[in-house]
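The block underneath contains the structure these notes are about, expressed in structure tokens.
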Amino acid sequence: MADDSTITAEDPLTGDEIEVPADVEVGEIIDSPVSGAELEVVSTDPVELEEAPELEEDWGE
Amino acid sequence: MNVGILYSRIRRDEKLLLNELRERDHEITKIDVRKHQFNVHNPPEIFEGVDVVLDRCLSTSRSLYVTRFCEAYGIPVVNGPDTAETCADKVKNSLALASADVPTPDTDVAFTTEAALESIEAFGYPCVLKPVMGSWGRLMAKIESRSAAEAILEHKETLGHYEHKVFYIQEFVAKPDRDIRVVAVDGEPIAAMARSSDHWLTNAAKGATTEVFEPDAEALDLVERASDAVGGGLLGIDLMETEEGYTVHEVNHTVEFKALNEVVDVDVPARVVDWLEAQVPAETGVTA
């Protein structure tokens, strides 16, 4: 059950409802507790998730 | 002020900055660089009204190009493209530090496996082979024998992108089991931490433990000079301690600070935004 600090969204890989922080940002990455995948927040109203891109060699600081 | 944030992934670091900017009632324009086209004459519409752009691209290649476009469009960007270019490439980074007489590990660059092997043998074992572009300690090799050197060089030559055929060979610095990360703005430290690990790589991204570090006068001087050497800005300056003093092994231009923020009392994103606010009126005439 989601509390005030979380909301639910659908894991696009499994179709399950998962909890995400209520203050998620577009572009943020969520680790799905169901599929284990990294999911990217692509919209916040409502929260929609897509499978995140794979790590690229030139990523970093 | 209206702050444009260049990004393709919002990390904890970006979220801290976004929260700080919102708390101060700044406008934010989130610019996902994957979704726009950057024309050589005209900026994408999303840049309209932006007073300053903060480059937080996770991808180095995107960072290098988009900051260059910002400069061409006449939009102030931090860090600027010249700083980004120097910091993103370990060869340019090392050259900038050495040219400014900032102590930095001795480094050779070679373009063939034969020439690289000669450098490795001259440095002796162990020595270090690093990719010229890369981060988070990935693809770094501590080479302990000639046979290992031959194998790694062959792999890089056979399997790698052409950048992996630019062999960056560095002396191994016998540091204590830690290095120092200083986050600084135009050479003035915001905060610093020591990153410790039993592993020779002490990146926070590799799971190093972190603790507060108070830079002494020598470290402060080197941070300022290293920052100047790469063109200044919001930077992560990495130092190692040796028996002869500190050595600066690299300067990072899209610095991550979440690990630092968790370990120090200083509010790092607040200090970053303080600096950003001070930069913008000077450059654009906009009141922060």
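So you know, we letter chains A, B, ... as the sequences are listed, proteins then strands, and number each from 1. Side chains are part of it too, since the values below use all heavy atoms of this structure and drop only hydrogens, waters and symmetry mates.
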Which portion of B:Arg34 sits near chain A, non-hydrogen atoms under 4.5 angstrom | side chain

Side chain, backbone, both or neither: which part of A:Glu40 has a heavy atom under 4.5 Å from chain B?
-> side chain

Is the number of heavy atoms from other residues, nucleotides or ligands within 6.0 Å of CZ (B:Phe38) greater than 12?
-> yes

After noting the C-alpha distance and the side-chain angles of A:Glu56 and B:Leu58, does the key distance pass the side chain to side chain contact (heavy atoms under 4.5 Å, CB included) rule?
-> CA-CA 9 Å; A:Glu56 297 273 0; B:Leu58 184 58; over 6 Å; no

Which one of B:Thr60, B:Leu18, B:Asp13 has the most heavy-atom pairs closer than 4.5 Å to chain A?
-> B:Thr60

About how many Å separate NE2 of B:His161 and CD of A:Glu57, when rounded to the nearest 0.5 Å?
-> 7.5 Å

When rounded to the nearest 0.5 angstrom, what is the spacing between CD in A:Glu25 and CZ in B:Arg9?
-> 15.0 Å

In terms of heavy-atom pairs under 4.5 Å with chain B, which of A:Gly27, A:Pro53, A:Gly60 leads?
-> A:Gly60

So, B:Glu256 side chain and A:Glu61 main chain: donor-acceptor pair closer than 3.5 Å or not?
-> no

Against chain A, label B:Arg56 side chain, backbone, both or neither, depending on which of its atoms sit under 4.5 Å from a heavy atom there.
-> neither

Chain B contact via A:Val41 - which portion, at a heavy-atom distance below 4.5 Å = neither

Counting heavy-atom pairs under 4.5 Å with chain A, the top scorer among B:Glu163, B:Arg62, B:Arg22 is B:Arg22

Using a cut-off of under 4.5 Å on heavy-atom pairs, state which of B:Asp32, B:Asn19, B:Asn252 scores highest against chain A.
-> B:Asn252

Calculate, to the nearest 0.5 Å, the distance between atoms CG and CZ belonging to A:Asp58 and B:Arg138 respectively.
-> 8.0 Å

Minimum-distance pair of heavy atoms, taken over all atoms of A:Val26 and B:Ile10 | O-CG1, 3.3 Å

Nearest-0.5 Å distance, OG of residue B:Ser61 to CH2 of residue A:Trp59 | 10.5 Å

Is A:Glu17 atom CD crowded by more than 12 heavy atoms from other residues, nucleotides or ligands, each under 6.0 Å away?
-> yes

